[in-house]
Undergrad: 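To start, I am sharing the structure in question, which I have written as structure tokens.
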Protein chains: 2
Amino acid sequence: MKHVDIEQRQKKILGAIVESYIETAIPVGSRAVSQRFRMSVSPATIRNVMADLEEKGLITHPHTSAGRVPTDKGYRMYVDLFLEPKHLTKEEESLIAKLIDKGCEDFETLMQTVSKSICMMTNVVGIVLTPRLKRSVFKHVEFIPIDSSRILAVLITGSGVVKSTMLDMEEEFVKSELFRISEFLNQELSGMFLGDIKGYLTRRLLEQSDSFYTFLKKAMYMLSIPGLLKMEDRIYFEGATSIIACPEFKDITKARLFLKLFEEKRDLMELFGEDMDVEGIKVHIGKENNRKSVQEYTIVTSNYKVNDRVIGALGAIGPTRMEYGRVISAVSYLSDILGKALEDLG
Amino acid sequence: MKHVDIEQRQKKILGAIVESYIETAIPVGSRAVSQRFRMSVSPATIRNVMADLEEKGLITHPHTSAGRVPTDKGYRMYVDLFLEPKHLTKEEESLIAKLIDKGCEDFETLMQTVSKSICMMTNVVGIVLTPRLKRSVFKHVEFIPIDSSRILAVLITGSGVVKSTMLDMEEEFVKSELFRISEFLNQELSGMFLGDIKGYLTRRLLEQSDSFYTFLKKAMYMLSIPGLLKMEDRIYFEGATSIIACPEFKDITKARLFLKLFEEKRDLMELFGEDMDVEGIKVHIGKENNRKSVQEYTIVTSNYKVNDRVIGALGAIGPTRMEYGRVISAVSYLSDILGKALEDLG
DNA sequence: AATAGCACTCTAAGTGTTAGAGTGCTAATT
DNA sequence: AATTAGCACTCTAACACTTAGAGTGCTATT
């Protein structure tokens with residue numbers, strides 16, 4: 001029984017504490033750990049180890065006579081060192097596939113279905129950001145004359161998003177010219193990323209002869225003014241209401257603050273947008289987050305891709321006490337699925 | 001001091017109880033009533049009157065030694081008999097006008113702004129249903145070929161709503177025919193209510209000669225299959241999160257149930273849709289509502305009109321203990337404003 | 001008819017008490 | 001030297017008990 005790897009045991013006990021706490025939300029005592037794992041060590045020994053872990057800042061005490069609770073740092077170590085992904089079962093995957101299949105006809109329901117799926121699999125709030133307009137490819141633009149002074153501009157992107165804006169024209173427009181403009185744009189810009197269009201057209205403008213200049217200028221106006229290209233991302237989420245049943249929200253003001261995140265979506269949008277270009281699943285635990293409003297929660301994000309190009313982000317948010325394995329697996333799986341669904345849709 | 005109108009006094013005291021309770025959420029005692037109105041009657045007398053009111057089912061006791069609380073029936077009488085509308089102030093109206101003005105460019109933000117305005121003025125949840133598609137007028141339809149087998153159908157209605165659907169065509173389509181179809185539909189259906197279109201086309205179909213028949217049939221297919229005309233109303237709301245700070249939601253499961261209303265929007269949509277065709281402001285207090293899920297709340301609804309035709313509904317929902325005067329005024333005012341804003345937009 | 005007085009009821013808040021869970025330390029054990 | 005048992009100590013959560021105060025309902029009085 002000598003020379004047991006101390007480090008190893010610390011890890012094991014930290015793991016036990018984290019997992020037990022995630023499961024029950026009750027601070028974990030030395031006895032509980034000893035029993036839970038039928039360990040060959042007594043509670044007393046575990047207490048000593050716990051004291052060490054506490055010194056390292058991995059766990060804490062709510063008060064003297066309470067069990068231990070993981071700190072953010074403790075969760076971090078757990079996630080980094082001995083978390084094994086807990087893949088969705090075949091049944092779960094096929095359930096999701098079925099849902100997505102039903103909901104993927106139109107863009108809106110697809111977004112809703114994905115966020116709902118994340119929520120269902122994990123019991124935390126599932127979040128999906130719409131594809132960044134800038135990163136979508138141009139597919140088609142159409143100008144529909146409504147009355148003498150107004151035109152409806154309709155833009156279709158590669159990921160199936162349709163965006164439309166009403167244009168109030170100051171001067172009278174000629175139908176044939178409108179047609180020429182849309183034909184020109186459709187030919188010229190096909191397949192281009194929306195984010196690159198403005199620059200491209202400006203460059204073209206500089207190198208053109210006078211005769212073509214006015215035409216081009218008009219074309220640019222038609223595209224840029226209406227805010228067609230203006231990014232205006234939206235966020236879809238599901239499960240915010242049911243999660244406030246968790247014990248961490250028994251204080252009603254906590255619950256309100258949490259729900260407020262979803263009412264004022266800005267913070268969340270930024271948060272998810274920020275590490276959209278980082279590959280893989282990102283996990284931000286508690287105070288690791290910069291924004292105060294989310295420092296009691298863990299955020300798991302991933303990006304999703306259409307034709308191998310990153311165009312959006314999705315993920316989950318919930319109490320730091322979440323089932324990391326499942327959440328990570330679910331987010332990972334659904335980012336794949338969403339990407340594929342968008343390719344079909346586009 | 002003889003021959004005082006008893007009825008009158010009962011009313012006055014009921015009003016006092018209702019108003020005091022709405023303000024403070026604390027059960028109202030006889031002493032409080034007597035003082036609040038510097039009445040020339042003593043608490044003892046008021047107690048007698050209260051007993052009468054209780055017998056009539058207008059107020060109750062939470063427990064023996066508590067003050068009185070209005071029942072649904074009590075609120076009802078209050079609303080019917082001596083509620084005077086509490087009009088918004090000039091400042092408030094101009095504030096709203098400013099907000100609407102800023103948000104009325106596009107349809108989405110207009111809806112959001114209106115629900116937000118209701119919330120701001122009343123401290124209850126503001127709700128706006130999108131215009132019923134069926135009741136909107138047809139303005140324009142456009143078919144945009146995307147690739148060899150797909151067409152994007154775009155429908156524009158009189159209230160500025162743009163709806164689009166992707167059409168998967170089984171057989172190859174000819175561009176010129178597409179054009180003929182849209183031209184035909186635009187000419188034929190202009191100004192018609194969307195709800196009437198299907199019937200109209202069917203009738204036309206019956207009386208047509210063979211040559212035109214296939215054309216017409218195709219045209220109908222283009223319109224009906226894509227679900228362009230399918231009603232798919234949406235609901236906008238604001239303030240759900242902040243209202244759960246009210247004492248009536250101190251029990252967290254109550255709060256969750258309330259919030260659930262907004263997650264599963266069906267109940268609310270039906271509720272608001274139901275009395276859309278009844279003129280004026282409708283007030284449903286507590287158990288007056290049929291649906292169990294809202295029997296602890298009061299719902300205030302109104303319709304809104306574009307060109308004198310009812311096309312949608314809006315309103316508010318909150319605890320029965322709400323400021324009826326203000327809520328009614330706000331809902332009334334904003335239904336006007338919304339109607340006008342939509343006329344400008346359409 | 002209205003009121004004053006009074007006994008009665010019930011709650012909410014505060015106080016004590018206790019059981020139990022859990023710790024930390026020390027001394028014994030392996 | 002590492003582990004463990006034992007034990008005193010701490011803190012919470014739950015329960016019982018008390019009390020002040022708000023409010024009622026009834027009765028006798030004005």
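Reminder, nothing fancy here: chain letters follow the sequence lines and each chain counts from 1.
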Undergrad: Give the residues of residues 55-64 of chain A touching DNA chain C, defined as any heavy atom closer than 4.0 Å, sorted by residue number.
TA: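 A:His61, A:Thr64, in order of number.
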
Undergrad: Less than 3.5 Å apart, any donor N or O on the side chain of A:Ser332 or A:Ser329 sitting next to an acceptor on the other?
TA: no

Undergrad: Using the side-chain heavy atoms of A:Met50, tell me which of these nucleotides is nearest: C:dA2, D:dT4, C:dT23.
TA: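 Ranking C:dA2, D:dT4, C:dT23 by closest atom to the A:Met50 side chain puts C:dT23 first.
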
Undergrad: Round to the nearest Å and state the distance from B:Ile13 atom CD1 to D:dT24 atom P.
TA: 12 Å

Undergrad: Tell me the interatomic distance from B:Ile46, atom CD1, to D:dC26, atom P, rounded to whole angstroms.
TA: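 Rounded to whole Å, this separation is 18 Å.
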
Undergrad: If I take atom CD in residue B:Glu54 and atom P in nucleotide D:dC26, what distance separates them, rounded to the nearest angstrom?
TA: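 Result: 11 Å.
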
Undergrad: Can you give me the closest heavy-atom contact between B:Thr241 and A:Lys260, atom names plus distance?
TA: CG2-N, 3.8 Å

Undergrad: Of the non-hydrogen atoms in B:Ala330 and B:Met121, which two are nearest, and what is the gap between them?
TA: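 Result for this residue pair: CB-CB, 4.0 Å.
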
Undergrad: Can you confirm whether A:Ile118 sits close enough to A:Ile127 that some side-chain heavy atom of one is under 4.5 Å from a side-chain heavy atom of the other?
TA: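 A side-chain contact is absent here, since even the closest heavy-atom pair is not under 4.5 Å.
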
Undergrad: Measure from the side-chain heavy atoms of B:Arg68 and tell me the nearest of C:dA2, D:dT4, D:dT24.
TA: D:dT24

Undergrad: NZ of A:Lys250 versus C1' of D:dA13: gap in Å, rounded?
TA: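 Computing the A:Lys250:NZ to D:dA13:C1' distance gives 12 Å.
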
Undergrad: Check whether any side-chain nitrogen or oxygen of A:Arg9 sits under 4.0 Å from OP1 or OP2 of D:dT3, and answer yes or no.
TA: yes

Undergrad: Could you check whether any side-chain N or O of B:Lys282 sits under 3.5 Å from a backbone N or O of B:Gly280, counting only pairs where one atom can act as donor and the other as acceptor?
TA: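 Looks like yes, one N/O pair under 3.5 Å.
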
Undergrad: Rounding to an integer number of Å, can you tell me how far A:Arg31 CZ sits from D:dG6 C1'?
TA: 15 Å

Undergrad: Which of residues 23-30 of chain A sit near DNA chain C, with a heavy atom under 4.0 Å from it?
TA: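 Listed by number, they are A:Gly29, A:Ser30.
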
Undergrad: Against B:Leu58, only a single residue in B:Asp72, B:Leu53, B:Val18 fulfils side chain to side chain contact (heavy atoms under 4.5 Å, CB included); can you say which?
TA: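 With B:Leu58 as partner, B:Asp72, B:Leu53, B:Val18 yield a single side chain to side chain contact (heavy atoms under 4.5 Å, CB included), made by B:Leu53.
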
Undergrad: Rounded to whole angstrom units, what separation is found between the CG atom of B:Asn48 and the C1' atom of C:dA4?
TA: 12 Å

Undergrad: Between C1' on D:dT24 and CG on B:Asp52, what's the gap in Å once rounded to a whole number?
TA: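 Nearest whole value for this atom pair: 14 Å.
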
Undergrad: Measure CZ/B:Arg47 against C1'/C:dA2 and give the value in whole Å, please.
TA: 12 Å

Undergrad: Which part of the nucleic acid, if any, lies within reach of A:Ala44 when heavy atoms closer than 4.0 Å are counted: base, sugar-phosphate only, or nothing?
TA: base

Undergrad: Can you name the nearest heavy-atom pair linking B:Ile243 to B:Val124, along with the distance?
TA: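 Closest approach of B:Ile243 to B:Val124, heavy atoms only: CD1-CA, 3.7 Å.
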
Undergrad: Could you tabulate the donor-acceptor pairs under 3.5 Å formed by side-chain atoms of residues 73-83 of chain A, not counting sequence neighbours?
TA:
from: A:Lys73; atom 1: NZ; to: A:Lys56; atom 2: O; distance (Å): 2.9
from: A:Arg76; atom 1: NE; to: A:Glu288; atom 2: OE2; distance (Å): 2.9
from: A:Arg76; atom 1: NH1; to: A:Asp80; atom 2: OD1; distance (Å): 3.1
from: A:Arg76; atom 1: NH2; to: A:Val283; atom 2: O; distance (Å): 2.7
from: A:Arg76; atom 1: NH2; to: A:Glu288; atom 2: OE1; distance (Å): 2.7
from: A:Arg76; atom 1: NH2; to: A:Glu288; atom 2: OE2; distance (Å): 3.4
from: A:Tyr78; atom 1: OH; to: A:Glu19; atom 2: OE2; distance (Å): 3.0

Undergrad: Report the C-alpha distance between B:Leu259 and A:Ile244 in whole Å, list the side-chain angles of each, state the deciding distance to 0.1 Å, and finish with yes or no for side chain to side chain contact (heavy atoms under 4.5 Å, CB included).
TA: CA-CA 10 Å; B:Leu259 292 172; A:Ile244 67 170; 4.0 Å; yes

Undergrad: So, OP1 or OP2 of D:dT24: does either fall under 4.0 Å of a side-chain N or O from B:Ser65?
TA: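 So the side-chain polar atoms of B:Ser65 never come under 4.0 Å of the phosphate oxygens OP1 or OP2 of D:dT24.
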
